[in-house]
Amino acid sequence: VMAMTALFRGKWGQKSQEPPEKRPAAPVHSRNHEEDEEDDRVIAPIRRNSRFYRSMRKKRLAASEQPESKNRIHPSSLPLRISPRVCIFCMLQWRVTLRDISLLISSLFFSLSLLGLVSNGERKGSTPLKIESICYSLNIVKNIAFLYQEYRDTSKQQEIEQRRQQEGLTYGVSAGLGVTSPPALQLQLRNNSRSLSLWQNLEVVQQSGLLTQLLQREIIIQEAMFELVTSEASYYKSLEVLETHFLKNPVLVNTLSQSDMHFLFSNIEEVMKLSESKKFLMDLENRIEQSLQISEVCDIVHHHAVKHFHVFITYVINQVYQEKNYRRILQGNQLFREAMAQLENHPCVRGLSFTSFLILPFQRITRLKMLVQNILKKAEENSEIEANAIKAHQQLEQIVKECNEGVRKMSRTEELISIEKTLEFKSKSVPVISHSRWLLKKGEVQQMAGPKSTRTMRSKKLHHPVYLFLFNNLLLITKRNSSGEKYQVLDSSTRAMLRTEDLEDQGQMLANVFNLKLLENQEERPVNYMLKTSSMSDKLRWICALTPNRRTRFMSTSAHQPASPQVQCIQSYSSQEPDELSIEMADLLNILERTDDGWMMGERLHDGERGWFPCRVVEEIQNQEVRAQNLRECQRIHLAHGGGASSGARLGSRGARRTPKTPKVSNFFGTWTDQSEEEQGST
């Protein structure tokens, strides 16, 4: 189109755009129609008074008298045929050759083919040229029906149902039942009345015929990229509610001081500015409106993650203070409490809590990483989509890591200060506060007093309570004082000098007992403690925490053994103890340990984080082929980030003897999903 315009301007447009020369006005004589025709034939120089020009002037005059809206003609509606008489006249008048016309038509057709405006049939020459609009106005933000919290829950539930059905279908395929293949199933599961917006359900997509031309795997990756865009639109919609309904509500603002406003909302305005300007969302929308078949989105994610997403880090780190200040204000400020209750009951928040809006930025950055990871799993190997997905995923992984490191650093320091205030050392004092130290597990156990079953010991107390503080590189054995607020330190040892031995149950009094050996305590001598826990799971959890390098019951993910049990989370769980793992719906985990009283220790596939969780919130994946596919996808993600297979095999040969990772911090947000860090148990 540009080539055609340029050629017309160069050859024909110059004369019409030049200002007319000032000439003396010729006397106007009254002539009849026959005299005009005779003059046109005889007097050649007076061509602008020809019959052709008079008719053209009449047409322009009639067009100028019509309303302006009718004069605006879309380029796609213009006819491509030009009158032969006009073409010949223009060629004679401006000396345009047939070669010029041929070049013009060729360049026009080539430009249209590059823009994707010529269909496949037109390229083959079987159908006439058909011009389509370049931009498809999808109005994603306007048409999105979900708030981000609703989208997140619905999407995760659909992932769970998809795996359930895929497991059954995989079994049917292996048994020769001829059921639907998994790629088609992924589309069927999401294509229902309760599903989210789908790319394949767009009217323009259905009318274009693309669904009949693309393979099922190509449609699936289109859906993965489209979900990233629609989820960003729902996130923007939820941020609008947070801003207009809470942050800028005059009733709520008047109940808070300026400092409380800062503590409660932190730098949320900077995060919203990123979305208010819609830079990220606008680029995503522009990309999918350029062509019905989405070419790429991960390059946009990578660009904005590098340039703009640093604002998420500051906001997420301050969420520790948000939690404390929100509880403080809620308890001490009655006006704030009443105003908040009224705002949370408003229909626009759809029954969601105020805290669910405060945690939006962290939920979004972690979910965005998972969506890019999903694209990476489905992308063709060695393709441009895969390369851009790897770069975007690496950048998002770094942002999430910095968020978690900042949160851990602040919460750990505060926790160490709080613990040190409660300790009383009997003899040698041990410094507790250190930048490289954090709490792994704490709790009360019973220390056995002597021989197991003598008649004289039955009349005495067989055990007395002790309280253990286990850090990543230190163990403190303490007992409560009479007030119960202080702990007197009885013994201590570095974590590297600890050994455990599981003992068989010998009756109710000697059930759930294990030996704890200190190879070298604070007095530089070996000590043995026989400890009793309240349950079987508690005993196993203490053994795993005290000696992390012990062999687990099942192989770790790094061993790549499909025979190892896998589970998927069907109900979100927020950790209550430092050694527990907060898991979200649809998380996949490899099982390392399992107890008979309803607890599991698992390793999450996508980030390798470990911890304990109740069995009631997960369901086991029975099909070995599905487990193998999950491991292959996990391996692909790790290899994309530069992790070699040799290191995984080396870890797997030892049967999951890798140091466990730091458990999650439990707070009222309950959203930490990527707090992975190698412990330094031997330091």
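Every value quoted in this text rests on a predicted model; they were computed, and no experiment measured them.
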Step-by-step salt bridge (Lys or Arg N to Asp or Glu O under 4.0 Å) determination, Asp299 to Lys391: CA-CA 8 Å; Asp299 57 335; Lys391 292 191 296 183; over 6 Å; no
CA sep, side-chain torsions, deciding dist, call: Arg437, Asn472, side chain to side chain donor-acceptor pair (under 3.5 Å): CA-CA 6 Å; Arg437 179 171 295 157; Asn472 63 308; 5.0 Å; no
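For Arg594, there are no side-chain hydrogen bond (donor to acceptor under 3.5 Å, both in side chains) partners at least two apart in sequence or on another chain. Applying the side-chain hydrogen bond (donor to acceptor under 3.5 Å, both in side chains) rule to His304 yields the partners Asp283; only residues at least two apart in sequence or on another chain are considered. Listed by chain and residue number, nothing satisfies the salt bridge (Lys or Arg N to Asp or Glu O under 4.0 Å) test with Glu384 (two or more places apart in sequence, or in another chain). Partners of Gln222 under the side-chain hydrogen bond (donor to acceptor under 3.5 Å, both in side chains) rule, at least two apart in sequence or in another chain, do not exist in this structure. Among residues two or more places apart in sequence or in another chain, the salt bridge (Lys or Arg N to Asp or Glu O under 4.0 Å) test is passed with Lys377 by Glu633. Applying the side-chain hydrogen bond (donor to acceptor under 3.5 Å, both in side chains) criterion to Arg632, with sequence neighbours excluded, gives no partner residue.
By the 4.0 Å N-to-carboxylate-O rule, Glu580 lies close enough to Arg541 to be salt-bridged with it. Under 4.0 Å is where a charged nitrogen must lie from a carboxylate oxygen, and between Arg163 and Glu159 at least one such pair does. A salt bridge links Arg367 and Glu227; the closest N-O separation between the charged side-chain nitrogens and carboxylate oxygens is under 4.0 Å.
Side-chain rings of Phe312 and Phe309 approach one another, their centers coming within less than 6.0 Å. For Tyr148 and Tyr151, the gap between ring centers is short of 6.0 Å.
Enclosure of atom CG in Asn345 by more than 12 non-hydrogen atoms of other residues, nucleotides or ligands within 6.0 angstrom is indicated.
Met600 pairs with exactly one of Val618, Leu592, Val617, Leu589 by the side chain to side chain contact (heavy atoms under 4.5 Å, CB included) rule, that one being Val618.
Defined by atom type and a distance below 3.5 Å, a donor-acceptor pair is missing between the side-chain atoms of Ser537 and Thr595. Between His393 and Gln373, the side chains place a donor N or O and an acceptor N or O closer than 3.5 Å (distance only, hydrogens not considered).
The closest side-chain heavy-atom distance from Val372 to Leu396 is below 4.5 Å.
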